[in-house]
Amino acid sequence: TRDLSPDPLFGGEAFGVYIARNELVNSYSDNDSRRDVTIWEDGTLVGQPDIVFEEPGFIKYLNATLEDNIPINLSGYNNFPVLRYSDVLLMFAEVENELNGPTTLALDALNQVRERAGLDPILSASKEELLDIIFEERKLELAGEGHRWFDLKRTGRLSEELSEFGFQARNIVFPIPQAVIDANGNIDQNDGY
């Protein structure tokens with residue numbers, strides 16, 4: 001998060017903003033209704049012209065209702081989703097595709113999520129193509145909800161996706177504390193540490 005306000009000890013208010021990567025921002029198609037409720041790009045807060053953002057951020061959890069004449073409350077009262085039906089549909093589509101290939105069941109689950117977002121259904125794809133489509137859909141549907149790291153990790157895509165940020169293979173796991181290794185001679189340190 002980036003603190004864009006005066007120090008709260010001196011009477012200012014502080015808030016944090018999660019910056020969205022341009023790759024994510026540019027992944028949404030023009031007719032994807034999720035974009036406007038996920039990404040905020042205009043640079044300023046409504047009614048707060050002195051607060052300017054130079055990069056796009058997430059608006060998924062902001063409370064956009066008027067409260068005390070402040071148009072947007074950056075603290076947000078919206079609940080953080082733990083599990084959503086669209087997540088379940090996309091998990092089902094992935095598992096069905098992995099077990100049985102690109103079936104009607106997998107496509108139907110995926111298309112329920114796409115159609116709610118105003119997108120055309122996927123009518124056919126190979127098993128590999130469908131897997132890529134499902135992961136792209138997870139990225140767009142669940143943006144900012146804490147799923148992406150785990151999706152990339154379990155599919156072996158972390159290095160590819162995060163290499164521009166200095167990601168190394170050793171970053172996938174934490175080091176084992178030396179006290180644990182000392183207490184049990186059968187444990188070896190994780191690679192890279």
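Quantities reported herein were computed from a predicted structural model and do not represent experimental measurements.
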Taking [X] for the side chain and [Y] for the main chain, is one N or O donor matched with an acceptor at less than 3.5 Å?
{"X": "Arg114", "Y": "Asp120", "result": "yes"}
{"X": "Asn97", "Y": "Ala106", "result": "no"}
{"X": "Tyr28", "Y": "Arg34", "result": "no"}

Is the number of heavy atoms from other residues, nucleotides or ligands within 6.0 Å of [atom1] ([X]) greater than 12?
{"X": "Glu160", "atom1": "CD", "answer": "no"}
{"X": "Phe150", "atom1": "CZ", "answer": "no"}
{"X": "Asn26", "atom1": "CG", "answer": "yes"}

Can you tell me how far [atom2] of [Y] sits from [atom1] of [X], rounded to the nearest 0.5 angstrom?
{"X": "Ser33", "Y": "Arg35", "atom1": "OG", "atom2": "CZ", "result": "12.0 Å"}
{"X": "Phe135", "Y": "Arg148", "atom1": "CZ", "atom2": "CZ", "result": "8.5 Å"}
{"X": "Leu107", "Y": "Ser124", "atom1": "CG", "atom2": "OG", "result": "7.5 Å"}
{"X": "Ser86", "Y": "Leu110", "atom1": "OG", "atom2": "CG", "result": "11.5 Å"}
{"X": "Glu161", "Y": "Asp151", "atom1": "CD", "atom2": "CG", "result": "10.5 Å"}

**Contacts of type side chain to side chain donor-acceptor pair (under 3.5 Å), residue Thr155, not counting sequence neighbours** = none
Is any side-chain heavy atom of [X] closer than 4.5 Å to a side-chain heavy atom of [Y]?
{"X": "Leu140", "Y": "Asp32", "value": "yes"}
{"X": "Phe165", "Y": "Arg21", "value": "yes"}
{"X": "Lys139", "Y": "His147", "value": "no"}
{"X": "Asp108", "Y": "Thr103", "value": "no"}
{"X": "Asn22", "Y": "Pro56", "value": "yes"}
{"X": "Leu105", "Y": "Phe92", "value": "yes"}

**Request:** Would you tell me whether Glu115 and Asn111 have side-chain atoms, one donor and one acceptor, within less than 3.5 Å of each other?
**Result:**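 Result is no, nothing qualifies.
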Please give the remaining members of the hydrophobic cluster of [X], linking ILVMFWY side chains under 4.5 Å, ordered by chain and number.
{"X": "Val88", "result": "Leu83, Met91"}
{"X": "Tyr193", "result": "none"}
{"X": "Leu119", "result": "none"}

Check: residues 170-184 side-chain donor-acceptor pairs under 3.5 Å, at least two apart:
| residue | atom | partner | partner atom | Å |
| --- | --- | --- | --- | --- |
| Arg170 | NH1 | Gly192 | O | 2.8 |
| Asn171 | OD1 | Gln168 | N | 2.7 |
| Gln178 | NE2 | Asp182 | OD1 | 2.8 |
| Asn184 | OD1 | Asn186 | N | 2.9 |

**Fill in**
For Ala20 and Val25 the tightest heavy-atom approach is CB-CG2, 4.0 Å
**Request:** Decide yes or no on side-chain contact (heavy atoms from CB on, under 4.5 Å) for Glu141 and Arg84, but give the supporting numbers first.
**Result:** CA-CA 10 Å; Glu141 177 69 25; Arg84 293 197 295 126; 3.1 Å; yes
Would you list the atom pairs, donor with acceptor, under 3.5 Å between side chains in residues 125-134 and any protein atom, with sequence neighbours excluded?
| residue | atom | partner | partner atom | Å |
| --- | --- | --- | --- | --- |
| Ser126 | OG | Glu129 | N | 3.1 |
| Ser126 | OG | Glu129 | OE1 | 3.4 |
| Lys127 | NZ | Glu98 | O | 3.0 |
| Glu129 | OE1 | Ser126 | N | 2.9 |
| Asp132 | OD1 | Arg157 | NH2 | 3.1 |

**Prompt:** Checking side-chain contact (heavy atoms from CB on, under 4.5 Å) against Asp87, which of Val113, Val82, Leu142 comes through?
**Reply:**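 Answer after filtering Val113, Val82, Leu142: Leu142.
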